[in-house]
Student: 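Have a look at this one before I ask anything.
So you know, we letter chains A, B, ... as the sequences are listed, proteins then strands, and number each from 1.
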Amino acid sequence: EAGVAQSPRYKIIEKRQSVAFWCNPISGHATLYWYQQILGQGPKLLIQFQNNGVVDDSQLPKDRFSAERLKGVDSTLKIQPAKLEDSAVYLCASNEQMGSRVATDTQYFGPGTRLTVL
Amino acid sequence: AQSVAQPEDQVNVAEGNPLTVKCTYSVSGNPYLFWYVQYPNRGLQFLLKYITGDNLVKGSYGFEAEFNKSQTSFHLKKPSALVSDSALYFCAVRDSMEYGNKLVFGAGTILRVKS
């Protein structure tokens, strides 16, 4: 079974530029997540999708970050404009279940995209 | 809201010795607990989880974890450490009472196993 795919693996941009990340979850997985992992910290949830609907985006800085999952499969996360503090690894994860069954289900993570903002 | 604490930034053990990586949690409802491992430039890999039932959970690569409700802990253990176990370990928790079932991670513990 193929894992969660992410691209690009690395990205270097200057502040105020825009950037986009792509994620393809494990086939058949209903729930998709984007996390931000700053160096020395644990991953922090940015947004959670169930199929193509948003379940939780309470920690997404909506003035600069946006995400979509239009067909309920792959997803893109965009930052516009980027700030220095956005330098981090952006992780995508997915799990098979949805709704209340998410609670006990295992999340599987992609390799991440390392973003450096200069 | 749920939270996780990993009190040790780093744990050092000699190869062949037992290892323990500590984790404590706080939730309003029932805890669903997970351990993940992260190798350099890689994503997080699932090791094991506790949902209900037996307090001792066995997972991948010989790791196990013990759920202790009274101490609100979920420590990761392995009877005999390998150099290849050296990595960054994350404990995470979901709260059964939390809408959306968000997974909250600790800050991580670096495990160094020396030969």
Student: Step by step, work out the side-chain contact (heavy atoms from CB on, under 4.5 Å) result for A/T106 and B/Y36.
Tutor: CA-CA 10 Å; A/T106 300; B/Y36 286 84; 4.1 Å; yes
Student: Same hydrophobic cluster for B/Y50 and A/Y108, using side-chain heavy-atom links shorter than 4.5 Å among ILVMFWY?
Tutor: no
Student: Sort A/Q41 into side chain, backbone, both or neither according to what part of it lies under 4.5 angstrom from a heavy atom of chain B.
Tutor: backbone
Student: With clusters defined by side-chain heavy atoms of hydrophobic residues (ILVMFWY) lying less than 4.5 Å apart, directly or transitively, does B/V104 cluster with A/I47?
Tutor: no
Student: Can you check whether anything in residues 84-91 of chain A gets within less than 4.5 Å of chain B, heavy-atom wise, and list it by number?
Tutor: A/L91
Student: Is it true that B/L56 and B/V21 fall in one hydrophobic cluster, defined by side-chain heavy atoms closer than 4.5 Å?
Tutor: no
Student: With rounding to the nearest 0.5 angstrom, report the CD to CZ distance, A/Q107 to B/F34.
Tutor: 7.5 Å
Student: How close do B/R94 and A/Y33 get, counting heavy atoms only, and between which atoms?
Tutor: NH2-OH, 3.8 Å
Student: Which atoms of B/I51 are under 4.5 Å from chain A, going by heavy atoms: the side chain, the backbone, both sets, or neither?
Tutor: side chain
Student: Please say whether more than 12 non-hydrogen atoms of neighbouring residues, nucleotides or ligands are located less than 6.0 Å from CD in A/E14.
Tutor: no
Student: Which residues from residues 58-69 of chain A are near chain B, with near meaning under 4.5 Å between non-hydrogen atoms?
Tutor: A/Q59
Student: State, to 0.1 Å, how close B/K102 and A/D56 come at their nearest heavy-atom pair, and which atoms those are.
Tutor: CD-OD2, 3.9 Å
Student: Might you point out which heavy atoms bring B/F90 and A/G42 nearest each other, and give the distance in Å?
Tutor: CE2-CA, 3.4 Å
Student: State yes or no: do A/V4 and A/V73 share one hydrophobic cluster built from I, L, V, M, F, W and Y residues joined by side-chain heavy-atom distances below 4.5 Å, directly or via other members?
Tutor: no
Student: Is it the side chain or the backbone of B/Q38 that comes within 4.5 Å of chain A heavy atoms, both, or neither?
Tutor: side chain
Student: May I ask you to check whether over 12 heavy atoms, not counting those of B/Y61, lie within 6.0 Å of atom OH?
Tutor: no
Student: Does atom CZ of B/R42 have more than 12 heavy-atom neighbours from other groups under 6.0 Å away?
Tutor: no
Student: Using a 4.5 Å cut-off on heavy atoms from C-beta on, say whether the side chain of A/Y35 contacts that of B/L44.
Tutor: no
Student: In terms of hydrophobic clustering (I, L, V, M, F, W, Y; side-chain heavy atoms under 4.5 Å; direct or indirect links), are A/Y10 and A/F21 co-clustered?
Tutor: no
